[in-house]
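Read the structure below first, then the notes.
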Amino acid sequence: MDISVVIPLYNEAESLPELEAWIRRVMEEHGFSYEILFIDDGSTDDSWEVIQRLREDNPAIRGVSFRRNYGKSPALNTGFARAQGDVVITMDADLQDSPDEIPELYRMIKEDGYDLVSGWKQKRYDPLSKTLPTKLFNATARRVSGIHNLHDFNCGLKAYRGKVVKRIEVYGDMHRYIPYLAKLAGFNRIGEKVVHHQARKYGKTKFGLDRFVNGYLDLATLWFTGKFGAKPMHFFGLLGSLMFFIGLVAVILVGAIKLWNLHHGNPYTLVTSSPYFYIALVTMILGTQLFLTGFLGELVVRNSTRRNEYEIETEL
Ligand code: UDP
Ligand code: MG
């Protein structure tokens with residue numbers, strides 16, 4: 001099969017018939033063999049009924065319906081697990097992404113050798129309250145992930161080489177960072193294509209402004225797990241050592257000042273009147289905590305069944 005189109009959706013009943021007809025037209029015009037995987041993320045409208053109806057006319061449609069709303073990432077992950085195409089395309093269900101982009105995305109994966117091609121909504125039809133923070137967000141994501149050529153990490157329209165989606169795990173809200181997940185999994189050929197974007201026609205957006213706060217937290221998590229996931233002590237131990245070092249200097253100062261005063265017969269002062277005493281106290285406690293966190297982290301890693309799971313590319 002050439003293409004799997006994975007579509008996560010939550011209460012998008014009005015958009016689905018148009019979207020399906022459009023995808024079908026593009027696929028038939030280009031003679032692709034394909035499947036459409038609708039992942040109904042616990043919709044409360046009649047999205048699932050619409051999908052069942054559409055399937056009667058188009059056997060290329062497959063569907064999964066969640067019992068409750070889990071989120072876009074779980075929906076994508078479920079679609080990825082089921083996709084059978086050589087190339088997997090993800091798109092939003094709200095008609096903001098255009099199926100006309102599919103043939104070129106397919107070509108870029110097949111002929112240009114990309115592992116992942118991300119859409120770039122260069123001209124966006126979204127409110128300013130969304131586009132402005134997005135710019136900032138993307139700049140941060142570029143820096144942290146080291147994928148410098150992407151302008152739009154969170155674009156719903158993306159294409160993947162089939163094996164890429166089988167080797168990454170999208171969970172929580174990590175759909176914003178799929179290119180980063182792919183890179184951490186060793187897929188470096190990541191490209192971008194400018195795509196047409198449209199204003200939402202039906203329904204309303206499912207994400208509020210909290211997306212940006214959560215987005216940054218998730219980025220921090222990915223950075224940490226990507227770098228130190230298998231060796232947490234290297235992170236906590238470094239910070240802990242730094243704290244202890246500061247504490248050591250402070251302790252020496254406290255002692256030295258005390259001895260100096262005694263030796264020179266200065267008026268009697270308590271060590272607790274020195275600021276260095278408190279610095280030593282705080283940094284020593286923090287340092288201990290950091291080391292203990294590091295040890296706990298190491299115990300967790302040691303018990304992980306995945307600690308020695310590697311993706312082997314070839315073997316002789
Ligand atoms: N979506 C989903 N589960 C959710 C929230 C959203 O499957 O919990 C789907 C939604 O139906 C749409 C896509 O994810 O197909 C993108 O959502 P939306 O259009 O609301 O995001 P925006 O375009 O505003 O970034
Ligand atoms: Mg949308």
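The shown structure was predicted, so the numbers you read here are calculated from the model rather than taken from an experiment. We count ligands from 1, going down the list as the structure has it; atoms in each ligand are counted the same way.
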Exercise. To which protein heavy atom is atom 1 (N) of ligand 1 closest, and what is the distance rounded to 0.1 Å?
Worked result: Y10 CB, 4.0 Å

For this session: List every atom of ligand 1 that sits less than 4.0 Å from any heavy atom of K130, numbering the atoms from 1 in the order shown and giving each element.
Result: 22 (P), 24 (O), 25 (O)

Exercise. Is the distance from the Mg ion (ligand 2) to some N, O or S atom of Q96 under 2.8 Å?
Worked result: yes

Problem set entry | E311 bridged to K166 by N-O distance under 4.0 Å | no

Exercise. Do R107 and K110 come within less than 4.5 Å of each other through their side chains, counting heavy atoms only?
Worked result: no

For this session: Could you find the nearest protein heavy atom to atom 25 (O) of ligand 1 and give me its residue, atom name and distance?
Result: R211 NH1, 3.3 Å

Problem set entry | Option whose closest heavy atom lies nearest to atom 15 (O) of ligand 1, chosen from A93, G79, G42 | A93

Seminar exercise, completed: Numbered in order shown, the ligand 1 atoms found under 4.0 Å of a heavy atom of N69 are 3 (N), 4 (C), 8 (O)

Exercise. R200: heavy atom below 4.0 Å from ligand 1, yes or no?
Worked result: yes

Exercise. Going through the distances and angles, do Y177 and F137 end up as a ring-ring contact (aromatic ring centres under 6.0 Å, His included)?
Worked result: CA-CA 11 Å; Y177 301 109; F137 162 86; 5.7 Å; yes

Problem set entry | I39 and ligand 1 - part of the residue with a heavy-atom distance under 4.0 Å | neither

Exercise. Applying a 4.0 Å heavy-atom criterion (strictly less than), which segment of D92 is in contact with ligand 1: side chain, backbone, both, or neither?
Worked result: both

Exercise. Where the side chain of S47 meets the backbone of S43, is there a donor-acceptor pair that is under 3.5 Å apart?
Worked result: no

Exercise. With a 4.0 Å heavy-atom cut-off (strictly under), which part of K72 contacts ligand 1: side chain, backbone, both or neither?
Worked result: both

For this session: Please examine the side chains of Q289 and M243, heavy atoms only from C-beta on, and report whether any two atoms are closer than 4.5 Å.
Result: no

Seminar exercise, completed: Atoms of ligand 1 under 4.0 Å from any heavy atom of T205, numbered from 1 in the order shown, are 20 (O), 21 (O), 22 (P), 24 (O)

For this session: Hey, can you tell me if F244 and F291 have their rings parallel, tilted or perpendicular (30° and 60° cut-offs)?
Result: tilted

For this session: Could you check D41 against K72 for salt bridge (charged side-chain N to carboxylate O under 4.0 Å, His left out), going step by step and ending with a plain yes or no?
Result: CA-CA 7 Å; D41 184 13; K72 189 175 176 182; over 6 Å; no

Problem set entry | Within reach of ligand 1, part of M91 (heavy-atom separation under 4.0 Å) | neither

For this session: Please confirm whether Q96 comes within less than 3.5 Å of ligand 1 when only nitrogen or oxygen atoms on both sides are compared.
Result: yes

Exercise. Got an N/O contact under 3.5 Å between A75 and ligand 1?
Worked result: no

Exercise. Do F236 and F228 have ring centres separated by under 6.0 Å?
Worked result: no

Problem set entry | Identity and separation of the nearest protein heavy atom to atom 20 (O) of ligand 1 | K206 N, 2.6 Å

Exercise. At what distance is the nearest protein heavy atom to atom 9 (C) of ligand 1, and which residue and atom is it?
Worked result: P8 O, 3.7 Å

Seminar exercise, completed: Atoms of ligand 1 under 4.0 Å from any heavy atom of L9, numbered from 1 in the order shown, are 7 (O), 11 (O)

For this session: Show which atoms of ligand 1 fall inside a sub-4.0 Å distance from at least one heavy-atom site of D94.
Result: 19 (O), 23 (O)

For this session: State the atoms of ligand 1, each with its element, that fall below the 4.0 Å cut-off from a heavy-atom position in D41.
Result: 2 (C), 3 (N), 4 (C), 7 (O), 8 (O)

For this session: Report yes or no: does R200 contribute a side-chain atom to a donor-acceptor pair with the main-chain N or O of Y202 at less than 3.5 Å?
Result: yes

For this session: Examine F207 against ligand 1 and note whether any of their N/O atoms are separated by less than 3.5 Å.
Result: no

Exercise. Side chain of T90, backbone of V6: donor and acceptor closer than 3.5 Å?
Worked result: no

For this session: Kindly compute the distance separating CD1 (I168) from CG (L76), expressed to the nearest 0.5 Å.
Result: 9.0 Å

For this session: Kindly assign one of parallel, tilted or perpendicular to the pair F32 and H30, based on the angle between their ring planes and the thresholds 30° and 60°.
Result: parallel

Problem set entry | D94 near the Mg ion (ligand 2) via N/O/S, less than 2.8 Å | yes

Problem set entry | Near-ring test F153/H148, centroid separation under 6.0 angstrom | no

Exercise. Can you say whether the rings of H151 and W120 are parallel (under 30°), tilted (30 to 60°) or perpendicular (over 60°)?
Worked result: parallel

Exercise. Does G71 come within less than 4.0 angstrom of ligand 1, counting non-hydrogen atoms of the residue?
Worked result: yes

For this session: Could you list which atoms of ligand 1 come closer than 4.0 Å to a heavy atom of E12?
Result: 10 (C), 11 (O), 12 (C), 15 (O)

